[in-house]
Amino acid sequence: MRGLVTLFLCIALTAVSTPSHAARTDNVYLDDYATAEAWQQDPATGMWHRSFNTLPSDTNGYRFEPLCLEDKSHQSAPCLEQRDRCTESEGPRLVQWYTGLLGTERSSWMPLGGPVCIYSEDPVDVLEEIAARIQHQLEQRPVVAGTVLIQPSEHTLRGAHTNIYAAAQEQTFDLNMLGQDVVIRVEPVGYTWTYGDGQSFGPVADPGGPVPQERWGEQTATSHVYQDTGDYGIVLTTTFKGYYSVNGGQEIPIPNTADFSSAPVAISVWRSVVNNYADNCLDNPEGAGC
């Protein structure tokens with residue numbers, strides 16, 4: 001009962017003045033998705049009922065609570081001092097994020113870091129809007145797809161295993177969305193090679209790696225065999241998983257991955273020729289093949 005009263009109190013403090021029959025929404029930011037828990041009052045009975053509008057999620061959830069509210073709750077000196085530091089834009093609001101296992105009592109969730117500044121009259125609206133736009137922002141970042149590496153490089157033999165592997169790095173990008181400082185971080189999680197001969201491999205989590213020169217031609221986890229001679233272009237497509245944070249707050253996973261492709265890397269495939277000679281080079285150093 002205490003948790004329910006606390007929830008109503010939180011909603012009442014953060015919501016704009018609302019008619020008694022209107023829905024009230026307590027927003028939660030989950031590990032992969034934003035979720036809305038709507039409390040709807042039945043006009044006939046006056047009873048409140050909770051309904052969910054929820055996308056698939058992971059087992060962990062996130063929520064936030066406004067601090068330094070106008071009714072003097074949380075109006076301690078440290079709280080006010082924190083709020084006074086929110087000077088980067090108009091309409092500052094101080095919030096505290098919490099996380100915990102979904103399905104457990106949310107009042108028991110643990111805080112994530114310290115208070116975070118939100119520059120909006122309604123922090124729920126701006127965070128929801130950022131969450132809705134973040135996938136597009138990820139796809140528009142100048143993410144470096146990765147590098148195609150080849151052993152032996154530039155030239156290989158028809159019918160031999162060519163060790164083709166990838167190198168990709170974690171990257172971060174700073175941007176401003178709706179007046180908020182947002183950081184997007186991406187990390188490579190999958191690799192796909194298109195070999196230029198009509199064949200491809202991936203996506204796989206293993207980027208492969210180099211082998212000693214004496215092992216060139218051996219099969220590796222990411223090697224490829226060209227069946228015909230010629231010049232080909234190898235393209236690496238790297239799949240990145242993204243995460244974002246707002247105003248230095250906790251990092252939230254972006255629901256979907258994004259793919260970025262490299263420019264083609266040229267490789268020439270040659271054929272090998274084997275000739276047999278009758279001469280013994282020790283006896284006839286000038287013989288054919290010596």
Side-chain angles (χ1 to χ4, degrees), residues 32 134-173 184-244 253-290:
D32 285 331
I134 199 66
Q135 181 69 38
H136 175 74
Q137 290 293 333
L138 167 62
E139 294 168 356
Q140 298 303 308
R141 295 307 98 196
V143 176
V144 178
T147 304
V148 176
L149 300 169
I150 307 171
Q151 290 179 315
S153 62
E154 298 184 9
H155 309 292
T156 189
L157 294 177
R158 181 185 65 181
H161 282 279
T162 303
N163 186 33
I164 302 172
Y165 58 102
Q169 302 295 326
E170 176 182 296
Q171 299 158 62
T172 59
F173 304 92
I184 294 179
R185 180 178 67 85
V186 298
E187 58 182 30
V189 295
Y191 307 88
T192 300
W193 293 266
T194 302
Y195 301 114
D197 60 351
Q199 302 295 316
S200 63
F201 177 62
V204 294
D206 183 4
V211 296
Q213 184 171 349
E214 60 268 20
R215 292 184 53 197
W216 287 4
E218 294 182 13
Q219 183 175 5
T220 68
T222 59
S223 63
H224 179 64
V225 176
Y226 286 94
Q227 302 298 335
D228 298 298
T229 59
D231 296 324
Y232 301 94
I234 304 173
V235 174
L236 169 67
T237 299
T238 307
T239 300
F240 286 88
K241 174 66 177 175
Y243 304 83
Y244 74 101
I254 298 174
N256 299 313
T257 58
D259 293 338
F260 297 88
S261 297
S262 69
V265 175
I267 185 171
S268 294
V269 180
W270 297 349
R271 66 185 179 92
S272 60
V273 177
V274 178
N275 292 311
N276 295 320
Y277 299 96
D279 281 336
N280 185 320
C281 292
L282 294 177
D283 297 333
N284 183 15
E286 302 301 323
C290 295

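Between T162 and I150, some side-chain heavy-atom pair lies under the 4.5 Å cut-off. Looking only at side-chain heavy atoms (C-beta outward), Q135 and I254 come within less than 4.5 Å of each other. Residues Q227 and V225 have side chains in contact (heavy-atom distance under 4.5 Å, counting atoms from C-beta outward). Side-chain contact between V204 and W193: present, with at least one pair of heavy atoms (C-beta onward) separated by less than 4.5 Å.
Shown here for P212 and W216, the closest heavy-atom pair between the two residues is O-CD1, 3.4 Å. The shortest non-hydrogen separation linking Y191 to A168 is CE2-CB, 4.0 Å. A pairwise comparison of heavy atoms in Q151 and V211 identifies OE1-N, 2.9 Å as the closest pair. Between S261 and A145, the shortest heavy-atom distance links the atoms C-CB, 3.4 Å.
Side-chain N or O atoms of T222 include one that pairs as donor or acceptor with a backbone N or O of I164 at under 3.5 Å. Distance alone, capped at 3.5 Å, is enough to place a donor-acceptor pair between the Q171 side chain and the V144 backbone. Formation of a donor-acceptor pair under 3.5 Å by the S262 side chain with backbone atoms of L236 is found in this model. Of the possible polar contacts, none joining the D228 side chain to the R158 backbone as a donor-acceptor pair under 3.5 Å is found.
Within the model, atoms CZ of F201 and OG1 of T192 stand 9.0 Å from one another, a figure rounded to the nearest 0.5 Å. Going from atom OG of S223 over to atom OH of Y165 covers 13.0 Å, rounded to the nearest 0.5 Å. In this structure, E170 CD and T172 OG1 are separated by 7.5 Å, a value rounded to the nearest 0.5 Å. Note that CG of N256 is 12.0 Å distant from OG1 of T239, once rounded to the nearest 0.5 Å. With rounding to the nearest 0.5 Å, the separation of CD in Q169 from CZ in F240 is 9.0 Å.
The only option from Q140, E139, R141 that meets the side chain to side chain contact (heavy atoms under 4.5 Å, CB included) definition with V143 turns out to be R141. The only member of Y243, F173, Y244 that meets side chain to side chain contact (heavy atoms under 4.5 Å, CB included) when paired with V186 is F173.
The aromatic rings of H224 and Y195 lie parallel to each other, with less than 30° between the two planes, well short of the 60° mark.
The local environment of CD in E218 is crowded, with over 12 non-hydrogen atoms from other residues, nucleotides or ligands closer than 6.0 Å.
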